[in-house]
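The structure presented is a predicted model; accordingly, all values stated were derived computationally and were not measured. Below, each value reflects all heavy atoms present in this structure, side chains not excepted, and no hydrogens, waters or symmetry copies. Letters A, B, ... mirror the listed sequences (proteins, then strands); counts begin at 1.
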Amino acid sequence: MLDTKFIRDNLDQAEAALATRGGNISLSGFRELDIKRRSLLTESETLKALKNSASEEIAKVKDKSTVKDKIAEMKEVSAKIKGFDDELKTVDEEFSILLMTIPNLPHPTTPVGKSEDENVVVRSWGSLPKMAFEPKPHWDLAEDLDILDFERAAKITGARFCLSKGAGARLERALISFMLDLHTTQHGYTEVLPPFMVNRASMTGTGQLPKFEEDLFRLVDPEYFLIPTAEVPVTNIHRDEILKKTDLPISYTAHTPCFRREAGSYGKDTRGLIRQHQFNKVELVKFVHPDESQAELEKLTGHAEKVLQLLELPYRVMALCSGDIGFSACKTYDLEVWLPSQNTYREISSCSSFGDFQARRAGIRFREDEKSKPEFVHTLNGSGLAVGRTLVAILENCQQADGSIVIPAVLRPYMGGMEKITK
RNA sequence: GGAGAGAUGGCCGAGUAGGUCGAAGGCGCUCGCCUGCUAAGCGAGUAUACUGGGAAACCGGUAUCGAGGGUUCGAAUCCCUCUCUCUCCGCCA
């Protein structure tokens with residue numbers, strides 16, 4: 001959610017910034033509703049002040065029969081107030097829906113561009129594997145090794161689910177442990193294990209609702225949502241709280257499964273593990289002082305990169321352009337890992353700063369010092385990493401001519417010393 | 001699933017035959033005084049949001065006693081619905 005006072009005073013500037021996201025985001029309704037809302041508020045509150053002072057007088061009088069006229073008058077005033085308040089409620093709802101559906105303003109350092117084609121390569125790491133054979137896609141490798149079973153998962157549930165088996169299941173578990181251990185012991189994050197279902201208020205706090213309900217799995221009774229990312233429950237840990245400045249920055253890491261409808265992506269990535277309805281992810285979430293958020297984004301991105309470096313997987317860092325960043329984000333770096341079978345880089349982590357956009361929605365604040373008014377913190381998060389896609393990258397990058405997989409050295413302690421996955 | 005109890009400010013905790021209660025008191029915290037140091041003591045202050053005025057300091061209005069609705073001139077106090085917490089019973093990983 002944007003700052004209403006800021007938009008009120010800088011409507012053109014805000015509109016211009018939003019225009020760089022593409023689409024037609026008009027703020028014309030904002031001014032109208034804002035004015036209407038405030039004028040109703042003034043009328044209603046003036047009457048309420050009148051009513052309050054009259055009530056006080058009535059209270060002082062012992063013999064109520066002497067204030068009959070006043071009581072009758074106030075009855076009318078109350079009815080008028082009700083009228084204004086009903087109208088105000090309607091306007092407020094409209095106004096808040098409008099505010100909730102306006103995306104964040106891109107950060108000045110976010111490159112301007114229309115689509116993902118205009119994202120900017122910031123840096124690359126590692127050298128691409130040289131294979132003296134045709135690299136196989138991960139689904140063929142996994143099927144030959146009998147470590148992933150898509151067909152049976154489809155039988156159990158449906159399309160876009162996967163059953164991991166044997167060394168595959170263990171490798172996934174190893175990756176999760178490795179990532180969590182790295183972030184908690186080397187990068188200063190606190191591990192949390194949150195609920196995988198959240199309520200509507202939490203989804204609204206981080207920006208998935210009200211606009212993106214069709215992307216979510218929803219339970220009907222009670223109405224809960226399966227989390228599409230740990231960002232949701234973890235950022236909401238501090239919803240409606242005033243944090244101590246000395247507590248900042250707060251850094252959490254969490255492994256959770258993530259659930260996504262993937263509506264509207266029916267044709268894409270239908271084979272393999274790239275796009276699933278359920279996948280594991282280790283998430284990094286930070287609550288920081290507003291002055292630190294850009295520096296913290298660089299740090300957080302570095303923490304995600306470290307995972308790829310230790311796994312010796314080649315990747316590149318992309319700065320997403322204004323047309324490609326997410327709804328709540330003001331700046332985003334994507335990490336893209338090399339996939340030999342596709343001869344391209346694919347997203348494996350997305351690291352974003354949100355400014356005070358989420359904090360304002362979710363009411364997450366801090367005080368600069370004891371006496372000052374609460375201010376909104378800045379929030380950030382990033383994948384560190386998407387586990388399923390990491391598994392894909394390992395299978396594809398570490399494959400051998402005979403179809404076996406050499407396990408990255410850092411994972412071997414988590415695999416009981418196993419060095420290679422073979423038939 | 002059944003029975004019962006509860007939800008008040010940073011925390012604890014008063015407040016139900018509706019009226020001067022944004023809310024006693026205590027703790028904590030901040031500032032000042034006192035004290036050789038520490039402890040103790042004394043005094044003052046200490047919620048949030050929206051909104052009007054002001055360059056600002058600040059001043060005014062409104063709302064908020066879990067959430068929403070109702071009764072009333074007036075509700076923390078009465079009525080209804082919902083949410084959450086706790087206790088006991090049942091069931092269960």
What's the NZ-P distance between A/Lys36 and B/C50, to the nearest Å? 22 Å
List in numerical order all residues of residues 74-83 of chain A for which some heavy atom is under 4.0 Å away from an atom belonging to RNA chain B. A/Met74, A/Lys75, A/Ser78, A/Lys82
Any side-chain N or O of A/Lys373 less than 4.0 Å from the OP1 or OP2 oxygen of B/A47? no
side-chain N/O A/Arg38 vs B/C50 OP1/OP2, d < 4.0 Å: no
Would you tell me if any nitrogen or oxygen in the side chain of A/Lys5 comes within less than 4.0 Å of OP1 or OP2 on B/U51? yes
Could you run down the sub-3.5 Å N/O contacts of the protein with nucleotides 18-20 of chain B?
residue: B/G19; atom: N2; partner: A/Ser55; partner atom: O; Å: 3.4

Spell out protein contact along nucleotides 76-81 of chain B as letters: B when the base is contacted, S when just the sugar-phosphate is, - when no protein heavy atom is under 4.0 Å; keep the 5' to 3' order. ------
A/Glu73 atom CD is separated from B/U72 atom P, nearest whole Å, by 18 Å
Using a cut-off of strictly less than 4.0 Å between a heavy atom of the residue and any atom of RNA chain B, enumerate the qualifying residues of residues 233-248 of chain A by number. none
Short side-chain N/O contact from A/Arg37 to OP1 or OP2 of B/U51, under 4.0 Å: yes
Compare all side-chain heavy atoms of A/Leu248 with those of A/Phe366 and state whether any distance is below 4.5 angstrom. yes
Check whether any side-chain N or O of A/Asn397 sits under 3.5 Å from a backbone N or O of A/Trp338 as a donor-acceptor pair, and report yes or no. yes
Quick one: salt bridge (charged side-chain N to carboxylate O under 4.0 Å, His left out) partners of A/Glu223, sequence neighbours excluded? A/Arg200, A/Arg218
Give one of base, sugar-phosphate or nothing for A/Arg360, where a contact means two heavy atoms less than 4.0 Å apart. nothing
Can you check whether A/Asp144's main-chain N or O pairs, donor with acceptor, with A/Lys423's side chain at less than 3.5 Å? no
Take nucleotides 59-68 of chain B nucleotide by nucleotide from the 5' end and write B, S or -, depending on whether a protein heavy atom sits under 4.0 Å from the base, only from the sugar-phosphate, or from neither. --BBS-----
